[in-house]
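Here is the structure we will look at.
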Amino acid sequence: MSELVIQLARAGFLALLWLFVLAALRVVRSDLHSASGLRAPGIGVSVPGAGKNKKTPSKQPKSKTKSPRQLVVTHGALAGTRISLDGMPISLGRADDSTLVLDDDYASTRHARLALRGTDWYVEDLGSTNGTYLDRTKVTGSTKVPLGVPIRIGKTVIELRS
């Protein structure tokens, strides 16, 4: 082989190695950034349907709508786990200080958060690597969670129940 081919192969390998290192540093940086809690709630959050002129019935009786009382893990390593909803935000992820600590390889350290706004619960992905899904739809902003609709984080599936 000529000396030029060998030098080009070395340069190509070195470039690939640097791309891998930079990608790894980007993932570590995003995990550290979300773990530090620098992201303030409500900033950069879009609520689907906000600002749109929708016709919604304003005289709905509130007694007929059931409000969620607990968060239930339906699939995954923690299946059967129940958390009472007391109005406080629920953090989901691998971090030890999360409300629901997920022992899941596909969950990020700070993966998602469930928060009460008015009478409705909303799920928000906190910049996770693999994403949060609400009934097969990837969560991109703060999204309302109806009763009984599955929220999937890796291999773990949770639901709000009354």
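- Judged by distance alone, with hydrogens and angles left aside, the side-chain atoms of Ser91 form a donor-acceptor pair with the main-chain N or O of Thr99 at under 3.5 Å.
- The hydrophobic cluster containing Val139 does not contain Tyr106, counting ILVMFWY residues as joined when their side-chain heavy atoms lie under 4.5 angstrom apart, directly or transitively.
- In this structure the side chain of Ile158 reaches within 4.5 angstrom of the side chain of Leu92, judged on heavy atoms.
- Summarising the geometry, atom CD1 belonging to Ile151 is positioned 7.0 Å from atom CD1 belonging to Ile153; distances are rounded to the nearest 0.5 Å.
- Only one option out of Val101, Leu102, Asp96, Leu100 pairs with Ser98 in a side chain to side chain contact (heavy atoms under 4.5 Å, CB included); it is Val101.
- Under 4.0 Å is where a charged nitrogen must lie from a carboxylate oxygen, and between Asp125 and Arg110 no such pair does.
- Atom CG of Asp86 has more than 12 neighbouring heavy atoms from other residues, nucleotides or ligands inside a 6.0 Å radius.
- Contact annotation: the side chain of Thr156 never approaches that of Thr74 to less than 4.5 Å [non-hydrogen atoms, C-beta and beyond].
- The distance from the CG atom of Leu25 to the CZ atom of Phe20 is 10.0 Å, given to the nearest 0.5 Å.
- Each of Ile6, Val5, Leu4 was checked for a side chain to side chain contact (heavy atoms under 4.5 Å, CB included) with Leu8, and the lone residue meeting it is Leu4.
- By the neighbour-count criterion of 12 heavy atoms within 6.0 Å, atom CG of Asp103 is sparsely surrounded, having that number or fewer from other residues, nucleotides or ligands.
- The closest side-chain heavy-atom distance from Trp121 to Val123 is not below 4.5 Å.
- Annotation for Lys138 and Gly131: closest pair CE-CA, 4.0 Å, computed over non-hydrogen atoms.
- Salt bridge Asp104/Lys155: absent, no basic N to carboxylate O contact under 4.0 Å.
- The line from CZ of Arg82 to CZ of Arg161 is 6.0 Å long, rounded to the nearest 0.5 Å.
- Atom-to-atom distance recorded for Leu126:CG and Ser108:OG is 9.0 Å, nearest 0.5 angstrom.
- Of all non-hydrogen atoms in Thr119 and Leu116, the two that sit nearest each other are C-CD1, 3.9 Å.
- Arg10 meets the side-chain hydrogen bond (donor to acceptor under 3.5 Å, both in side chains) test with no other residue; sequence neighbours excluded.
- By the rule that hydrophobic residues join a cluster once side-chain heavy atoms approach within less than 4.5 Å of another member, Val72 and Leu78 end up as members of separate clusters.
- Taking CZ of Arg69 as the start and CG of Leu85 as the end, the distance is 10.5 Å to the nearest 0.5 Å.
- Put simply, the side chain of Thr132 reaches to within 4.5 Å of the side chain of His111, judged on heavy atoms.
- Separation of atoms CG (Leu147) and OG (Ser67) is listed at 7.5 Å; rounding is to 0.5 Å.
- When side chains are defined from C-beta on, Leu114 counts as touching Val145, because their heavy atoms get closer than 4.5 Å.
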>> For Leu16 and Trp18: C-alpha separation, side-chain torsions, deciding distance, then whether side-chain contact (heavy atoms from CB on, under 4.5 Å) applies.
In response: CA-CA 5 Å; Leu16 285 174; Trp18 274 107; over 6 Å; no
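- Within the 3.5 Å criterion, the main-chain N or O of Tyr133 finds no donor-acceptor partner in the side chain of Arg152.
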